[in-house]
Every structure is written in C-alpha cells, then in structure tokens.
Amino acid sequence: MTSRLQQSQPYALGLFRVVVGLLFLSHGAAKLFGVLGGADGSGATVPSGTWPFWYAAVIELVGGALVLVGLGTRTAAFVSSGAMAYAYFKMHQPEGLFPIQNGGEAAALFSWAMLLLIFTGPGALALDGLFKSREPETARSRTTVAA
C-alpha cells in the first residue's frame with residue numbers, strides 16, 4: 001500500500017497545485033474583474049493601484065495562474081505565500097488572535113499551501129518539467145537516493 005501511494009505522490013501533488021492555483025487565481029479575478037461575485041460579493045472591483053488590495057489581487061491572479069500551470073511554481077508560491085502572510089497579519093490578525101475569529105482562514109490556508117509548494121515543487125504535469133535542465137548522464141549516475 002505504501003509503495004503504491006509513493007508512486008502516486010507526484011500526481012497527487014500536481015492535483016493539489018492545480019486546485020490551489022485555480023482557487024487563488026479565482027480570488028484575484030474576482031477582485032480585479034468583478035467576476036465570481038466580485039471583491040465584496042456584489043460584483044465590485046478593487047480600485048486600480050490601491051495599496052494593498054489591488055496589488056494583492058494582481059499577485060493572486062498572476063501567482064495563481066503560474067501555480068495552476070506549474071510555471072515558475074516555487075517563485076510564484078514564494079511571492080504568493082508572503083502576500084497572504086502579510087494579508088493575514090496586517091488585515092486579519094488585529095481583529096482577533098485566531099483565523100476563525102478574524103475571518104482570515106483563506107489567507108492563512110493559502111499562505112501555508114503556497115509555503116508547502118515552495119518546498120515540494122510542482123509535482124507531476126507541470127510546465128516547469130518542460131524547462132528542467134538536463135544534467136549529463138555522468139552526473140545522474142553519481143547521484144544517490146536516500147531511502
């Protein structure tokens with residue numbers, strides 16, 4: 001059972017990346033374009049150039065799209081995780097200590113999910129795999145894998 005799960009791990013991670021990227025992108029699209037309910041649920045958009053809301057929405061849209069397709073995943077996840085950590089501590093945490101109290105569940109979860117992608121990488125079926133540099137055969141033969 002464990003070996004079968006290990007073999008499926010890159011695909012599960014790839015699916016996780018796609019879902020997180022799509023959800024993150026959706027938040028940015030809602031705030032920037034007023035789709036999916038908009039920034040406040042009534043179809044409104046955030047005013048262009050306003051700090052930090054417009055910039056956060058751009059990071060959500062672009063970062064979510066890059067994570068979704070798996071292009072520059074670690075970098076996009078790093079920026080996205082930091083933006084959500086900033087959003088949580090600057091906007092939500094002053095309202096209460098715990099995310100359930102201050103409405104910051106989404107910011108906290110996105111921050112931690114993106115942090116996970118920084119360390120795990122994109123998983124299977126990512127565009128990052130197309131641009132991976134090919135190491136010489138001699139270097140691959142010297143690489144050891146820890147059990």
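Residues F53 and M91 are in side-chain contact: their nearest non-hydrogen atoms beyond the backbone lie under 4.5 Å apart. Put simply, the side chain of M114 does not reach to within 4.5 Å of the side chain of F78, judged on heavy atoms.
Take A108 and apply the side-chain contact (heavy atoms from CB on, under 4.5 Å) test, not counting sequence neighbours, and it matches Y88, P99. Among residues two or more places apart in sequence or in another chain, the ring pair (Phe, Tyr, Trp, His ring centres under 6.0 Å) test is passed with F98 by none. Residues passing the side-chain contact (heavy atoms from CB on, under 4.5 Å) test with T75, sequence neighbours excluded: none. By the side-chain contact (heavy atoms from CB on, under 4.5 Å) test, Y86 pairs with W51, P52, K90, sequence neighbours left out. Scored by the side-chain contact (heavy atoms from CB on, under 4.5 Å) test, S42 finds D40, A44 as partners (sequence neighbours excluded). Applying the ring pair (Phe, Tyr, Trp, His ring centres under 6.0 Å) criterion to H27, with sequence neighbours excluded, gives F110.
In the hydrophobic clustering of this structure, V62 groups with V69; members are Ile, Leu, Val, Met, Phe, Trp, Tyr whose side-chain heavy atoms approach within less than 4.5 Å, directly or through other members. V58 and F33 end up in the same hydrophobic cluster when Ile, Leu, Val, Met, Phe, Trp and Tyr side chains are linked at under 4.5 Å. Linking ILVMFWY residues whenever their side-chain heavy atoms come closer than 4.5 Å, directly or via other members, places L116 and L15 in the same cluster. Under the 4.5 Å side-chain heavy-atom criterion for ILVMFWY residues, no single connected hydrophobic cluster contains both W112 and L117. In the hydrophobic cluster analysis, where Ile, Leu, Val, Met, Phe, Trp and Tyr join through side-chain heavy atoms closer than 4.5 angstrom, W54 is grouped together with L36.
Residue S80 holds its OG atom at 10.5 Å from CG of L61, rounded to the nearest 0.5 Å. Within the model, atoms CZ of F24 and OG of S81 stand 8.5 Å from one another, a figure rounded to the nearest 0.5 Å. From L25, atom CG reaches atom CG of L22 across 6.5 Å, with rounding to the nearest 0.5 Å. Rounding to the nearest 0.5 Å places OG1 of T50 at 8.0 Å from OH of Y55. Atoms OH and CG, from Y11 and L125 in turn, are 6.5 Å apart once rounded to the nearest 0.5 Å.
Listed by chain and number, the hydrophobic cluster partners of M1 are L5, where partners are ILVMFWY side chains within reach of under 4.5 Å, directly or through others.
One N or O on the side chain of R17 and one on the backbone of A124 form a donor-acceptor pair closer than 3.5 Å.
Annotation: salt bridge (Lys or Arg N to Asp or Glu O under 4.0 Å) contacts involving residues 47-74, sequence neighbours excluded, comprise K31-E60. A side chain to side chain donor-acceptor pair (under 3.5 Å) check over residues 63-73, counting only residues at least two apart or in different chains, returns the pairs T73-D128. The salt bridge (Lys or Arg N to Asp or Glu O under 4.0 Å) pairs that include a residue from residues 98-108 number zero, where partners must be two or more places apart or lie in different chains. Each salt bridge (Lys or Arg N to Asp or Glu O under 4.0 Å) pair with one or both residues in residues 47-59, not counting sequence neighbours, would appear here, but there are none.
Scanning all heavy atoms of the two residues, the minimum distance from A113 to F16 falls at CB-CZ, 3.8 Å. Residues A39 and V46 approach most closely at CB-CG1, 4.0 Å, considering heavy atoms. Annotation for G96 and Q101: closest pair C-OE1, 3.9 Å, computed over non-hydrogen atoms. Across all their heavy atoms, V35 and A29 have their closest contact at CG2-O, 3.6 Å. Residue G34 comes nearest to T45 through the heavy atom pair N-CG2, 3.3 Å, listed as atom of the first residue, atom of the second, then distance. L66 and A76 get closest at one heavy-atom pair: CB-CB, 3.8 Å.
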